Amino acid sequence: MTRLDDAFRFQEAALRVRSQRQELIASNIANADTPNYKAKSMDFASALRDALGSGTGLTKTAGGHLSVNSGRISSPENSAQPTTGRDGNSVNLDRERGAFIDNALLYEASVNMVNGQVKSLLSVIQG
Amino acid sequence: MSLFNVFNVAGSAMAAQSQRLNVVASNIANAESTDGPDGKPYRAQQVEFMAASMGSKSSTGVKVNQVIEDTSPAKKIYNPSHPKADEKGYVEMPNVNVVDEMVNMLSASRSYQTNVDIMNAAKSMLTKTLSIGQ
């Protein structure tokens with residue numbers, strides 16, 4: 001089972017981080033008119049590294065232990081974008097919409113890659 | 001599943017923007033109302049948005065914190081034949097700035113549309129996810 005798990009682990013983590021990033025961008029867009037709201041962003045590379053399980057804090061003490069890959073996802077931080085308006089809101093709507101589309105497409109790319117992996121595995125199994 | 005939270009976030013924004021549109025509609029409808037339930041001219045209202053946590057760290061929705069009354073002074077126009085005119089012939093009109101309200105209306109409707117787009121994108125992403133392995 002571990003081999004199968006490992007085959008999908010990377011894309012699964014990538015999808016998880018992508019969907020969290022999507023949630024973050026949706027929050028920024030939803031709050032584009034909220035006074036004093038500060039836009040949030042996440043560092044995708046380090047979030048993916050965390051999600052891949054380097055930060056679980058669990059160690060294997062026996063050979064038969066299963067590896068835990070439900071890594072935590074690093075928490076979002078306030079992005080360093082300057083506040084533009086007088087209402088203290090730092091959301092740049094154009095940038096957020098761009099990021100939203102970019103993230104949605106990359107999510108779809110990950111889904112397509114998982115599909116490709118499934119097809120490859122099936123062709124190996126079915127011959 | 002984070003993507004389902006997108007629906008909550010975008011939904012809260014849509015609710016807040018439609019309440020803003022509601023207030024704008026009231027202001028424009030009452031731009032000429034010289035008499036209210038308290039006998040005074042109508043006063044413009046504005047919504048105040050507030051970021052609201054939606055249960056997870058990365059999702060922040062919006063809610064209408066309060067509806068505040070515009071405290072700017074009432075406009076006075078000269079119209080001696082009006083029943084509410086004072087002894088000098090001036091009538092107190094509501095402090096509604098129709099141009100401001102039109103801009104507010106456009107802004108609210110654009111924000112609403114943006115959030116509808118967000119919801120559609122999240123929906124198509126979820127549909128894609130459901131098709132994994134098929």
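Lettering follows sequence order; numbering is per chain, from 1. On a predicted model such as this, the values are computed, not experimentally measured, just so you know.
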Same cluster or not: [X] versus [Y], using hydrophobic residues (I, L, V, M, F, W, Y) connected whenever any side-chain heavy atoms lie under 4.5 Å apart?
X: B/Tyr112; Y: A/Leu93; result: yes
X: B/Ile68; Y: B/Tyr42; result: no
X: A/Leu122; Y: A/Phe8; result: yes
X: A/Leu24; Y: A/Phe44; result: yes
X: B/Val9; Y: A/Ile101; result: no

**Message:** With a 6.0 Å cut-off (strictly less than), is the heavy-atom count around CD of B/Glu48, excluding the residue itself, greater than 12?
**Reply:** yes

**Message:** Would you say CZ of A/Phe10 has more than 12 non-hydrogen atoms from neighbouring residues, nucleotides or ligands within 6.0 angstrom?
**Reply:** no

Give, for atom [atom1] of [X] and atom [atom2] of [Y], the distance between the pair rounded to the nearest 0.5 Å.
X: A/Phe100; Y: B/Asp117; atom1: CZ; atom2: CG; value: 8.5 Å
X: A/Glu108; Y: B/Thr127; atom1: CD; atom2: OG1; value: 10.0 Å
X: B/Met125; Y: A/Leu15; atom1: CE; atom2: CG; value: 8.5 Å
X: A/Gln11; Y: B/Ile132; atom1: CD; atom2: CD1; value: 9.5 Å

**Message:** Determine whether B/Val62 and A/Tyr37 satisfy the following criterion, side chain to side chain contact (heavy atoms under 4.5 Å, CB included), listing intermediate values before the conclusion.
**Reply:** CA-CA 10 Å; B/Val62 200; A/Tyr37 178 83; over 6 Å; no

Could you tell me which portion of [X] (side chain, backbone, both or neither) has an atom closer than 4.5 angstrom to a non-hydrogen atom of chain A?
X: B/Ser56; value: side chain
X: B/Ser59; value: both
X: B/Gln17; value: side chain
X: B/Met50; value: backbone

**Message:** Check whether B/Asn5 reaches the backbone of A/Glu23 with its side chain - one donor and one acceptor, N or O, closer than 3.5 Å.
**Reply:** no

Restricting to non-hydrogen atoms, name the atom on [X] and the atom on [Y] that form the minimum distance, rounded to 0.1 Å.
X: B/Lys128; Y: A/Val111; value: O-CG1, 3.6 Å
X: A/Thr34; Y: B/Ala51; value: CG2-N, 3.4 Å
X: A/Pro35; Y: B/Phe49; value: CD-O, 3.5 Å
X: B/Ser111; Y: A/Asp33; value: OG-OD2, 2.9 Å

**Prompt:** Out of B/Ala121, B/Gly61, B/Ser12, B/Ala10, which one racks up the most heavy-atom pairs below 4.5 Å with chain A?
**Reply:** B/Gly61

**Request:** Any chance you could pull the hydrophobic cluster mates of B/Tyr78, using side-chain heavy atoms under 4.5 angstrom and chaining through other members?
**Result:** B/Tyr90

**Request:** Return yes if a side-chain donor-acceptor contact under 3.5 Å exists between A/Lys40 and B/Ser58, otherwise no.
**Result:** no

**Close approach to chain B in residues 25-32 of chain A, criterion heavy atom under 4.5 Å** = A/Ala26, A/Ser27, A/Ile29, A/Ala30, A/Asn31

**Message:** Shorter than 4.5 Å, heavy atoms on both sides: which option in A/Gln22, A/Arg21, A/Arg18 has the most such pairs with chain B?
**Reply:** A/Gln22

